[in-house]
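Just follow the structure's listing: the first ligand is 1, and inside any ligand the first atom is 1. Worth knowing before you read on, the calculation uses all heavy atoms, side chains too, and leaves out hydrogens, waters and symmetry mates.
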Amino acid sequence: MKIPPTHPRYTSLMTREKLVRAWKAGVAVPEGLIAHGRGEAFDYLFGEETSAPALVAEKAAAAFLVRGKRPVISVNGNVAALAAREVVHLAKAIPAKIEVNLFHRSAARMNRIVRLLGTAGARDVLGPRPDARIPGLDSKRALAHRAGIHGADVVLVPLEDGDRAEALVRMGKVVISVDLNPLSRTTMMATVPIVDELTRALPTVEKFVKELRGDPKEVERISRTYDKAGNLKAVYSYLGWRLKGLMKTQQHRGR
Ligand code: ATP
């Protein structure tokens with residue numbers, strides 16, 4: 001379908017097209033399309049903008065990634081389809097390893113995603129030959145690399161499911177999530193939950209990484225003072241404020 005650039009929802013429709021194409025190419029799975037719809041719904045509520053509390057979480061995430069000894073970025077089908085370039089840029093800036101980690105895992109899909117990341121400039125992407133298991137997860141969902149997610153001290157898990165995020169936290173890792181759902185189990189479980197849209201969040205974290213790389217004192221200060229509960233409270237009150245604003249607009253229109 002050709003989407004006219006003048007369409008008021010052009011960007012959002014193009015993103016959907018990208019995902020549908022990724023599904024046809026065997027990169028994304030139908031479940032990923034459903035998950036995207038859930039994200040879109042929450043982004044409407046956020047006004048499709050990065051909130052101030054999300055910015056705070058993104059800066060904290062950058063501090064934890066910079067201070068990490070073995071940081072890893074986890075990539076699934078939707079992340080590869082929507083933000084392969086952003087992942088590669090962020091991984092280079094930190095620097096961090098990239099591991100493809102699939103809920104619906106098959107060798108063919110794994111190889112397609114590794115190739116896609118390679119085209120975006122990634123080298124030595126982990127995922128195809130796992131040599132370890134994440135405790136507490138069943139079957140293929142547990143597979144990981146010792147040199148990657150399994151051995152990492154800090155893991156960035158964009159669009160992760162709650163179970164796996166929880167299992168990584170149980171292993172003692174600093175888990176940074178990107179998930180627009182402020183109520184998801186992933187957001188609840190993560191050490192640093194970023195409640196923001198993927199393609200806005202990753203470049204913002206990258207910008208903060210570049211800023212913080214040369215400032216170890218600030219990195220220590222941010223990671224010491226980051227307050228997850230306080231930050232999530234701020235996300236909820238931002239949503240409340242947005243909804244109140246929308247209520248007022250409707251009242252004016254009704255007059
Ligand atoms: P959980 O298991 O964490 O409770 P879930 O079952 O919703 O949540 P998934 O089905 O893996 O987990 O969904 C991934 C999450 O990613 C969804 O909560 C959705 O809101 C979010 N999401 C989808 N697309 C984006 C995006 N582009 N940016 C940020 N978040 C997104």
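- By the 4.0 Å N-to-carboxylate-O rule, Arg9 lies close enough to Glu48 to be salt-bridged with it.
- Using modelled atom types, one finds a donor on one side chain and an acceptor on the other under 3.5 Å when comparing Asn101 with Arg164.
- Every atom of ligand 1 with a heavy atom of Gly39 under 4.0 Å away is listed here by number and element: 19 (C), 20 (O), 22 (N), 23 (C).
- Remark: minimum distance from atom 27 (N) of ligand 1 to any protein heavy atom is reached at Glu197 OE2, 2.9 Å.
- The protein heavy atom nearest to atom 28 (N) of ligand 1 is Leu198 N, 2.9 Å.
- Counting only heavy atoms of the protein, atom 29 (C) of ligand 1 lies nearest to Asp196 O, 3.3 Å.
- Test Asp161, Val29, Asp163 against Phe103 for side-chain contact (heavy atoms from CB on, under 4.5 Å) and you get one pass: Asp161.
- Between Ile222 and the choices Lys59, Arg67, Lys217, the side-chain contact (heavy atoms from CB on, under 4.5 Å) rule is met once, by Lys59.
- Nearest-residue assignment for atom 21 (C) of ligand 1 (options Asp179, Leu183, Thr199, Ile194; heavy-atom criterion): Asp179.
- Looking at atom 9 (P) of ligand 1, its nearest protein heavy atom turns out to be Arg38 NH2, 3.7 Å.
- Using a 3.5 Å distance cut-off with no hydrogens or angles, the side chains of Thr204 and Glu206 do not pair a donor with an acceptor.
- Of the heavy atoms in Thr187, none comes closer than 4.0 Å to ligand 1.
- For ligand 1, the polar-atom distance check against Gly162 finds a nitrogen or oxygen pair separated by under 3.5 Å.
- Looking from atom 4 (O) of ligand 1 to the surrounding protein, the closest heavy atom is Arg185 N, 2.8 Å.
- For atom 25 (C) of ligand 1, the nearest non-hydrogen atom from the set Leu159, Asp163, Ile34 comes from Leu159.
- Leu143 and Val75 are assigned to two separate hydrophobic clusters, defined by single-linkage of ILVMFWY side chains at heavy-atom distances under 4.5 Å.
- Side-chain atoms of Leu126 and Ile98, non-hydrogen and from C-beta on, never get closer than 4.5 Å to each other.
- Nearest heavy-atom pair across Val175 and Val157 is CG1-CG2, 3.6 Å.
- Nearest non-hydrogen protein atom to atom 3 (O) of ligand 1 is Thr186 OG1, 2.6 Å.
- A side-chain donor from one of Ser184 and Thr187 sits under 3.5 Å from a side-chain acceptor of the other.
- In this structure, atom 8 (O) of ligand 1 lies nearest to the protein heavy atom Ser184 CB, 3.8 Å.
- Lys207 places no side-chain N or O within 3.5 Å of a backbone atom of Leu202 that could act as its donor or acceptor partner.
- An N or O contact shorter than 3.5 Å links Leu180 to ligand 1 by distance.
- In terms of protein heavy-atom proximity, atom 23 (C) of ligand 1 is closest to Ala35 O, 3.1 Å.
- Looking at Val178 next to ligand 1, no N or O pair under 3.5 Å apart turns up.
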